[in-house]
*Asks:* 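Here it is, the structure in full.
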Amino acid sequence: MADAVEGPEAPSGEEDSVVLDAKGLRALAHPVRVQLVGLLRKFGPSTATRLAERLGVNSGTASYHLRQLGAAGFVEEDTERGNARERWWRSVHRTTWFNDPELAEREPEAALAYQQSVAAIYTLRTQQTLNGLQTMPRAWRNTFDMSDWALRLTPEEATALYRDLTEVIARYRRDAPETAASAPEGAERVALITQILPELDAPAAPSPPSGPQEEEGSPTS
């Protein structure tokens, strides 16, 4: 899903953003709806038929979920493009934020369904890029990266790391269908996915010795 963000802080004055409340979370607790919003954000306004073709579902299914998204305020009809035969839809927002731990506790099933849908889309994006990697221009192949950094942090340090990352990302050009034409020559869409994944099942740091210990290799009396 384009620009789905889950972090410790809500956007500060960011335009075209929506912070999920209980109604919005329940509306997005379906993988097809998450994908529909993402497609409209990535490619711009479209019809249910075209969106259904991209998702591999029938147009009736796409139409139903678009109406549900419309009722929840995530999409709206694009009346400038639509006519009596075709109904066009567009995304209302560019970014979705989900950063309310209390909401996640009140709506655990909806929160999990939404998060699993977003995670599945991230995995799909990675696979699609890998499948097309060998046919990309070399300059873009050389930018591809998948890294796994193991850190040992406190919750406060993890939050600080998140803030540092968002500050770096904010220095770069955001993408939207309506702004693509104004980007410099050679600019292409890049998906940057960040994940801070607590691994609480990892071995804990060993406890320090409780009393005097002999150093390894030291002489004994």
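Since we're looking at a predicted model, the values are computed, not measured. Worth knowing before you read on, the calculation uses all heavy atoms, side chains too, and leaves out hydrogens, waters and symmetry mates.
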*Asks:* Checking Ala113 now: which residues fulfil side chain to side chain contact (heavy atoms under 4.5 Å, CB included) with it, not counting sequence neighbours?
*Replies:* Ala29
*Asks:* Should Asp16 and Arg94 count as an ion pair when the cut-off is N to O under 4.0 Å?
*Replies:*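 Between Arg94 and Asp16 there is no salt bridge, as every charged N stays at least 4.0 Å from the carboxylate O atoms.
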*Asks:* Between Val190 and Leu133, is there a shared hydrophobic cluster once you connect ILVMFWY residues whose side-chain heavy atoms come closer than 4.5 Å?
*Replies:* yes
*Asks:* Can you confirm whether Arg67 sits close enough to Arg87 that some side-chain heavy atom of one is under 4.5 Å from a side-chain heavy atom of the other?
*Replies:* yes
*Asks:* What heavy-atom pair brings Leu66 and Val75 nearest, and what distance separates the two atoms?
*Replies:*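 Looks like O-CG2, 3.5 Å.
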*Asks:* Linking I/L/V/M/F/W/Y whenever any side-chain heavy atoms sit under 4.5 Å apart, do Leu51 and Tyr64 land together?
*Replies:*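 Each belongs to a different hydrophobic cluster.
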*Asks:* Measuring from atom CH2 of Trp149 to atom CD1 of Ile196, what distance do you get when rounded to the nearest 0.5 angstrom?
*Replies:* 14.5 Å
*Asks:* What heavy-atom pair brings Ser63 and Ala48 nearest, and what distance separates the two atoms?
*Replies:* OG-CB, 3.2 Å
*Asks:* Just how far is it from atom OG1 of Thr129 to atom CE of Met146, taken to the nearest 0.5 Å?
*Replies:*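 Answer rounded to 0.5 Å: 9.5 Å.
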*Asks:* To the nearest 0.5 Å, how far apart are CG in Leu20 and CH2 in Trp97?
*Replies:* 11.5 Å
*Asks:* For the residue pair Pro45 and Arg90, what are the closest heavy atoms and their distance?
*Replies:* CG-CB, 3.9 Å
*Asks:* Return the OG1 to CH2 distance between Thr135 and Trp140, rounded to the nearest 0.5 Å.
*Replies:*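 Rounded to the nearest 0.5 Å, the OG1-CH2 separation comes out at 14.0 Å.
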*Asks:* What verdict does the side-chain contact (heavy atoms from CB on, under 4.5 Å) test give for Leu151 and Leu161, after you've listed the backbone C-alpha separation in whole Å, the side-chain angles of each residue and the deciding distance to 0.1 Å?
*Replies:* CA-CA 11 Å; Leu151 308 175; Leu161 172 60; 3.9 Å; yes
*Asks:* Check step by step if side-chain contact (heavy atoms from CB on, under 4.5 Å) holds for Leu124 and Gln128.
*Replies:* CA-CA 6 Å; Leu124 178 61; Gln128 289 172 335; 3.8 Å; yes
*Asks:* So how far is it from Thr96 OG1 to Leu25 CG, rounded to the nearest 0.5 Å?
*Replies:* 11.0 Å
*Asks:* Is the count of non-hydrogen atoms from other residues, nucleotides or ligands lying under 6.0 Å from Glu109 atom CD greater than 12?
*Replies:* no
*Asks:* Let me check something: do Ile121 and Ile193 share a hydrophobic cluster, defined by ILVMFWY side-chain heavy atoms less than 4.5 Å apart, either directly or through other members?
*Replies:*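 Ile121 clusters together with Ile193.
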*Asks:* Answer yes or no: is there a donor N or O on one side and an acceptor on the other, between the side chain of Arg41 and the main chain of Ser91, under 3.5 Å?
*Replies:*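 Not at all, since once roles are kept as given, no pair shorter than 3.5 Å links the two residues.
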*Asks:* Taking the six-membered ring for Trp, are Phe98 and Tyr114 parallel (under 30°), tilted (30 to 60°) or perpendicular (over 60°)?
*Replies:* perpendicular
*Asks:* Is there a donor-acceptor pair closer than 3.5 Å between any side-chain N or O of Arg26 and the backbone N or O of Ala110?
*Replies:*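 It does not hold such a pair.
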*Asks:* Just wondering, more than 12 heavy atoms not from Gln195 lying within 6.0 Å of its CD?
*Replies:*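 More than 12 heavy atoms, drawn from other residues, nucleotides or ligands, come within 6.0 Å of this atom.
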*Asks:* Any idea which heavy atoms bring Leu40 and Trp89 closest together, and the distance?
*Replies:* CD2-O, 3.5 Å
*Asks:* Does any part of the side chain of Leu103, heavy atoms only, come nearer than 4.5 Å to the side chain of Arg106, both counted from C-beta?
*Replies:*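 Touching, per the 4.5 Å side-chain cut-off.
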*Asks:* Would the distance check show the side chain of Arg141 and the main-chain N or O of Met136 forming a donor-acceptor pair, the cut-off being under 3.5 Å?
*Replies:* yes
*Asks:* In the structure I gave you, are the side-chain heavy atoms of Thr126 and Leu130 within less than 4.5 Å of one another anywhere?
*Replies:* yes
*Asks:* Of all heavy-atom pairs between Pro184 and Arg173, which one has the smallest distance, and what is that distance?
*Replies:* CD-CZ, 3.4 Å
*Asks:* Can you name the closest pair of heavy atoms from Ala204 and Arg152 and give their distance?
*Replies:*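 That would be CA-NH1, 4.3 Å.
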*Asks:* Does Val19 share a hydrophobic cluster with Val92, counting links as ILVMFWY side-chain heavy atoms below 4.5 Å and allowing steps through other members?
*Replies:*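 Looking at the clustering, Val92 is in a separate group from Val19.
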*Asks:* Could you tell me which residues satisfy side chain to side chain contact (heavy atoms under 4.5 Å, CB included) with Phe43, sequence neighbours excluded, listed by chain and number?
*Replies:* Leu39, Arg54
*Asks:* Partners of Glu157 by side chain to side chain contact (heavy atoms under 4.5 Å, CB included), sequence neighbours excluded?
*Replies:* Leu153, Thr154
*Asks:* Nearest 0.5 Å, please: how far is CD in Gln35 from NE2 in His65?
*Replies:*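 CD of Gln35 is found 10.0 Å from NE2 of His65.
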